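Below, all heavy atoms of this structure are taken into account, side chains as well, without hydrogens, waters or symmetry copies. Everything numeric here is computed off the predicted structure, so don't read it as measured data.
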Amino acid sequence: MRATRGERRGGVVAGPELPELIVDGPKPKHAQLREILRRLAEQELSPGSPIPSERDLAERYGVSRMTVRAAVGQLVTDGLLTRSKGRGTFTARRRVDAQLYLESFTDDMHRRGMVPATEVLTSTEGVPPENVATALDLAAAEPAHRLVRLRRADGVPLAIERGWYNRRVVPDLGAHDLSGSLYSLFADVYGVQLDNARQTVWAEGADAETARLLDVRRGSPLLSFRRISSSAGRPVEHMTSWYRGDLYQVTMQLDRTNPGAGPNSAKGGTR
């Protein structure tokens with residue numbers, strides 16, 4: 001028997017099509033329900049769509065709320081579903097898969113067929129912390145340009161960027177529109193092409209302010225990137241960005257380049 005869209009069972013609107021039935025047998029009921037919901041999330045619903053409530057699922061399949069929680073909880077752990085307090089459970093948005101090379105956020109999103117948008121939160125000048133001044137090769141108390149931006153992809157908050165920029169290389173930065181690609185701006189206005197960067201990646205929980213800006217709960221997992229970028233040997237940018245861990249992931253190609261580093265040669269190294 002098929003539960004079609006809009007059909008009622010016991011007064012409950014079925015909603016999305018869920019054709020399977022749960023039966024007694026060797027396979028636990030929570031595992032059967034988990035596979036039904038997995039197919040629903042992967043094949044029928046678009047990212048960000050709600051799934052039926054615990055009560056609806058329990059009534060529809062004749063199982064306990066505990067069984068429903070076990071099935072849904074595993075799919076949340078697997079990253080296929082996401083819970084929103086007070087709103088319900090939704091199919092998770094697909095993660096943006098980043099390759100580690102020097103490219104602007106704007107160009108990266110365009111390449112993926114996504115619409116980037118940037119909100120400039122802070123654009124000012126000030127004296128940076130000592131470690132930033134050292135990285136940018138600034139003199140003591142020499143000011144730099146401070147820029148904080150919220151980056152969105154297809155309207156969804158994805159990242160916060162907080163950066164410092166060397167005024168000797170890119171002067172009067174605040175006089176320009178900073179809501180697009182900075183790297184294109186550097187090249188077109190200043191003739192500065194960033195050609196080298198050192199980047200560090202780590203994980204941390206969102207603080208209260210970052211969580212508010214990214215529309216996530218405080219403590220939610222973030223991927224953090226600190227990048228120091230240069231042009232022709234001149235340091236230009238010291239920028240730290242925080243990306244939502246539920247929407248962003250990093251893929252790296254690993255090859256052995258040191259022939260003496262282990263039993264596998266550089267030509268035949270493993271990944």
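- No salt bridge links R167 with E142; every basic N to acidic carboxylate O contact stays at or beyond 4.0 Å.
- Interatomic distance, NE2 of H238 versus OG of S230, reported as 11.0 Å (0.5 Å rounding).
- For the pair R198/R226, no side-chain contact is recorded, criterion being any heavy-atom separation below 4.5 Å from C-beta on.
- Atom CG of D207 sits in a crowded spot, with more than 12 heavy atoms from other residues, nucleotides or ligands closer than 6.0 Å.
- A donor-acceptor contact shorter than 3.5 Å links the side chain of T91 to the backbone of S49.
- In terms of heavy-atom proximity, E161 sits nearest to S241 at CG-CB, 3.8 Å.
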Should S231 and Y190 be marked as a side-chain contact (heavy atoms from CB on, under 4.5 Å) after you check the CA-CA gap, both sets of side-chain angles, and the distance that decides it?
CA-CA 11 Å; S231 172; Y190 299 100; over 6 Å; no
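- In this structure the side chain of L150 reaches within 4.5 angstrom of the side chain of L214, judged on heavy atoms.
- When side chains are defined from C-beta on, R162 counts as touching T210, because their heavy atoms get closer than 4.5 Å.
- Across S229 and L194, no two heavy atoms sit closer than the pair CB-CD1, 3.9 Å.
- In this structure, T67 and Y61 have side chains that are not in contact, with every pair of non-hydrogen atoms separated by 4.5 Å or more.
- No continuous path of hydrophobic side-chain contacts links W242 to F225 [ILVMFWY only; heavy atoms under 4.5 Å].
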Could you give me the CA-CA distance, side-chain angles and deciding distance for R168 and L138, then say whether side-chain contact (heavy atoms from CB on, under 4.5 Å) is met?
CA-CA 9 Å; R168 281 186 272 127; L138 303 180; 3.7 Å; yes
Stepwise, does the side-chain contact (heavy atoms from CB on, under 4.5 Å) test hold for H145 with L178?
CA-CA 12 Å; H145 194 89; L178 303 179; 4.2 Å; yes
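- Contact annotation: the side chain of R244 approaches that of V216 to within less than 4.5 Å [non-hydrogen atoms, C-beta and beyond].
- Separating the CG atom in L75 from the OG1 atom in T89 is a distance of 10.0 Å, to the nearest 0.5 Å.
- Between the CG atom in L40 and the CD atom in E35 there is a gap of 12.5 Å [rounded to 0.5 Å].
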CA sep, side-chain torsions, deciding dist, call: L182, M239, side-chain contact (heavy atoms from CB on, under 4.5 Å):
CA-CA 12 Å; L182 283 184; M239 191 261 289; over 6 Å; no
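- With values rounded to the nearest 0.5 angstrom, R69 atom CZ is found 13.0 Å from L33 atom CG.
- Separation of atoms OG1 (T134) and CD1 (I228) is listed at 10.0 Å; rounding is to 0.5 Å.
- Summarising the local packing, CZ of R39 is surrounded by more than 12 heavy atoms from other residues, nucleotides or ligands at distances under 6.0 Å.
- Considering all non-hydrogen atoms of both residues, P235 and D137 come closest at CG-CB, 3.8 Å.
- Placement of L158 and L222 in two distinct hydrophobic clusters is found when ILVMFWY residues are connected by side-chain heavy-atom separations under 4.5 Å, directly or transitively.
- Looking only at side-chain heavy atoms (C-beta outward), L136 and V169 stay at 4.5 Å or farther from each other.
- At least one side-chain heavy atom of K29 sits under 4.5 Å from a side-chain heavy atom of D24.
- Formation of a donor-acceptor pair under 3.5 Å by the E54 side chain with backbone atoms of V68 is not found in this model.
- Under the 4.5 Å side-chain heavy-atom criterion for grouping Ile, Leu, Val, Met, Phe, Trp and Tyr, V63 is connected to L57 within one hydrophobic cluster.
- W164 and V170 are members of different hydrophobic clusters when ILVMFWY side chains are connected at heavy-atom separations under 4.5 Å.
- Using modelled atom types, one side-chain atom of D195 and one backbone atom of A232 make a donor-acceptor pair closer than 3.5 Å.
- For CD of E209, the number of neighbouring non-hydrogen atoms (other residues, nucleotides, ligands) closer than 6.0 Å is greater than 12.
- In terms of heavy atoms, A70 sits closest to H30 at CB-CB, 4.0 Å.
- Side-chain contact between P52 and R60 is present, with at least one heavy-atom pair separated by less than 4.5 Å.
- Under a 3.5 Å cut-off, the side chain of R149 and the backbone N or O of G180 do form a donor-acceptor pair.
- T118 approaches S179 most closely through the heavy-atom pair CB-O, 3.1 Å.
- Clustering of Ile, Leu, Val, Met, Phe, Trp and Tyr side chains at separations under 4.5 Å leaves M66 isolated, with no partner residue.
- One distance of note links CG of L223 with CG of D246; it measures 10.5 Å at 0.5 Å rounding.
- Closest heavy-atom contact between A41 and L81: CB-CD2, 4.2 Å.
- V120 is not connected to L213 by any chain of hydrophobic side-chain contacts under 4.5 Å among Ile, Leu, Val, Met, Phe, Trp and Tyr, and they are in different clusters.
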